[in-house]
There are 2 protein chains.
Amino acid sequence: MRDIDIAEVAQLSGVRASTLRFYEEKGLIASHGRRGLRRLFDPAVLDRLALIALGRASGFSLNEIARMFAPDGRPRIDRRALAAKADELDRTIRRLNAMRDGLRHAAVCPAPSHMECPTFRRLLRVAAARKIGEPNKAGKARRKVKS
Amino acid sequence: MRDIDIAEVAQLSGVRASTLRFYEEKGLIASHGRRGLRRLFDPAVLDRLALIALGRASGFSLNEIARMFAPDGRPRIDRRALAAKADELDRTIRRLNAMRDGLRHAAVCPAPSHMECPTFRRLLRVAAARKIGEPNKAGKARRKVKS
DNA sequence: CCTTGACCTCAAGTTCACTTGAACTGGCAG
DNA sequence: CTGCCAGTTCAAGTGAACTTGAGGTCAAGG
């Protein structure tokens, strides 16, 4: 099964064709040739896409991910960057844990108004803790295929 | 200390004035009056901002957060939504934990290339697991004040 | 041979959450 | 009174990550 076409890559990876073209343009993936106009991909592109998904899921931007591939195409992952990202993830996880507990509590809190619940107010302080207004974007799972 | 001005709110909350205006326009906060052109805020806006920060940190969008305030201005938080978000957070946290462990390992992995490391490949599978290409945005801590 | 339909390109549009710029206003210090 | 300057409005810009649309191409099936 040498060389698969964009529809098949999309099918197998769950990444839309338009996104694959976009990624190619960005240099995140490469097509191996063409049949007529049509891109032909090496099945290895699936690993690459998994790697990209990993990076995205870990909070790297596409640009950061792009920088992680050596010019020759093989991953040249910076171990220090990985460790740093792991630490960052750790902090994020701790925050999210507090959030989750707080939300969970708020969901069952008997106080008439959330603002009167001490636990909720504590949660508020946690949220406000690291400088109010610093978005952290977690758990943004969106459109699967668009309804 | 009745009524504080936008600069003070910015100062106390860490939210930029431009953002505060933007939030007001979006209906997320309200100024209590004006002295000349200048907005005057009730110090309670700080609680409100903390609430917004909480929502953002938990993964709610500004629009979702806006919907959480009753027309009268007091939080009308949907407990079911909170519980759902808590569950979502839980799933996110589990994923991030796997990520972090994987990253941590990758950072010290002795394999010559990450692609040859079984742990790394397992991590890749985890990342690819729930439909490759589903971004999850975690740990995006950015600009504090802009360098 | 001719149609079809998946794929192509390129430009523009979209969403989110803000930020920036230009032009203007008005309270307050001097 | 005057001028400063923090504040104001409104429109447009930003950046990330894609998606959409218009119009074009070409390999394969009938």
Side-chain angles (χ1 to χ4, degrees), chain A residues 3-11 13-29 31-41 49 52-53 55-67 131-147, chain B residues 3-11 13-29 31-41 49 52-53 55-67 131-147:
Chain A
D3 290 344
I4 54 190
D5 94 338
I6 203 170
E8 200 159 356
V9 176
Q11 166 89 61
S13 68
V15 176
R16 302 183 105 205
S18 68
T19 307
L20 291 171
R21 288 189 207 101
F22 173 69
Y23 280 1
E24 185 177 30
E25 199 181 345
K26 274 227 131 193
L28 286 165
I29 58 175
S31 49
H32 192 254
R34 298 278 178 129
R35 168 165 35 246
L37 284 182
R38 307 178 177 207
R39 289 166 178 78
L40 293 177
F41 291 96
L49 286 170
I52 292 170
R56 299 268 302 118
S58 304
F60 289 95
S61 71
L62 292 184
N63 287 334
E64 287 176 304
I65 293 168
R67 267 179 255 124
K131 224 42 176 160
I132 296 179
E134 270 290 332
N136 301 292
K137 322 206 146 166
K140 293 229 108 177
R142 289 187 313 203
R143 124 213 52 77
K144 270 246 118 47
V145 138
K146 154 185 191 179
S147 57
Chain B
D3 290 345
I4 54 191
D5 92 338
I6 203 170
E8 201 159 354
V9 177
Q11 166 89 62
S13 68
V15 176
R16 301 184 112 207
S18 66
T19 306
L20 292 171
R21 287 189 206 102
F22 173 70
Y23 280 2
E24 186 177 30
E25 200 182 345
K26 274 228 133 192
L28 286 164
I29 59 176
S31 49
H32 191 254
R34 298 279 178 129
R35 169 167 30 247
L37 284 183
R38 308 180 177 205
R39 289 164 177 80
L40 293 177
F41 290 96
L49 286 169
I52 293 169
R56 299 268 299 118
S58 304
F60 289 95
S61 72
L62 292 184
N63 287 335
E64 286 176 304
I65 293 168
R67 267 178 256 125
K131 223 48 177 155
I132 294 180
E134 270 292 331
N136 301 293
K137 323 205 146 166
K140 293 228 109 176
R142 287 184 316 198
R143 126 213 50 80
K144 270 241 117 49
V145 138
K146 151 184 194 178
S147 54

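Small disclaimer: the values here were computed from a predicted structure and weren't measured. Numbers restart at 1 for each chain; the letters A, B, ... are given by sequence-line order, proteins then strands.
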### Message
Output the rounded distance in Å from CD (B/Gln11) to P (D/dA6).
### Response
14 Å
### Message
How many whole angstroms separate atom CG of B/Asp3 from atom C1' of D/dG7?
### Response
16 Å
### Atom-pair distance (CG on A/Leu37; C1' on D/dG24), nearest Å
9 Å
### B/Ser61, nearest nucleotide to its side chain (from D/dT8, C/dA17, D/dT19)
C/dA17
### Query
Among C/dA17, D/dG7, C/dT20, which is the nearest nucleotide to the side chain of B/Ser18?
C/dT20
### Message
Side chain of A/Arg21 only, heavy atoms from C-beta on: which candidate in C/dC18, D/dT8, C/dT9 is closest?
### Response
C/dT9
### Query
Roughly, in whole Å, what's the span from CZ in B/Phe22 to C1' in D/dG7?
19 Å
### Query
Do B/Ser13 side-chain atoms and B/Val15 backbone N/O form a donor-acceptor pair below 3.5 Å?
yes
## Note on the structure
To the nearest angstrom, the CD1-P distance between A/Ile65 and D/dA16 comes to 12 Å
### Query
Start at the 5' end of DNA chain C and walk down; is the nucleotide closest to A/Asp5 or to B/Arg38 reached first?
A/Asp5
### Query
Considering only side-chain heavy atoms of A/Asn63, which listed nucleotide, D/dG7, C/dC7, D/dA16, is closest?
D/dA16
### Query
Given D/dC18, C/dT19, D/dG7, which nucleotide is nearest the side-chain atoms of B/Ala7?
D/dG7
### Query
With nearest nucleotides of DNA chain D determined for A/Leu62 and B/Arg34 from heavy-atom distances, which residue corresponds to the more 5′ nucleotide?
B/Arg34
### Query
Where the side chain of B/Arg35 is defined as all heavy atoms beyond and including C-beta, which of C/dC8, D/dC18, C/dG27 is the nearest nucleotide?
C/dG27
### Message
Tell me the interatomic distance from B/Glu24, atom CD, to D/dG7, atom P, rounded to whole angstroms.
### Response
14 Å
### Task
Could you grab the distance from atom CG of A/Leu28 to atom CZ of A/Arg56, nearest 0.5 Å is fine?
10.0 Å
### Task
In whole angstrom, give the distance that lies between atom CD1 of A/Ile6 and atom C1' of C/dA6.
11 Å
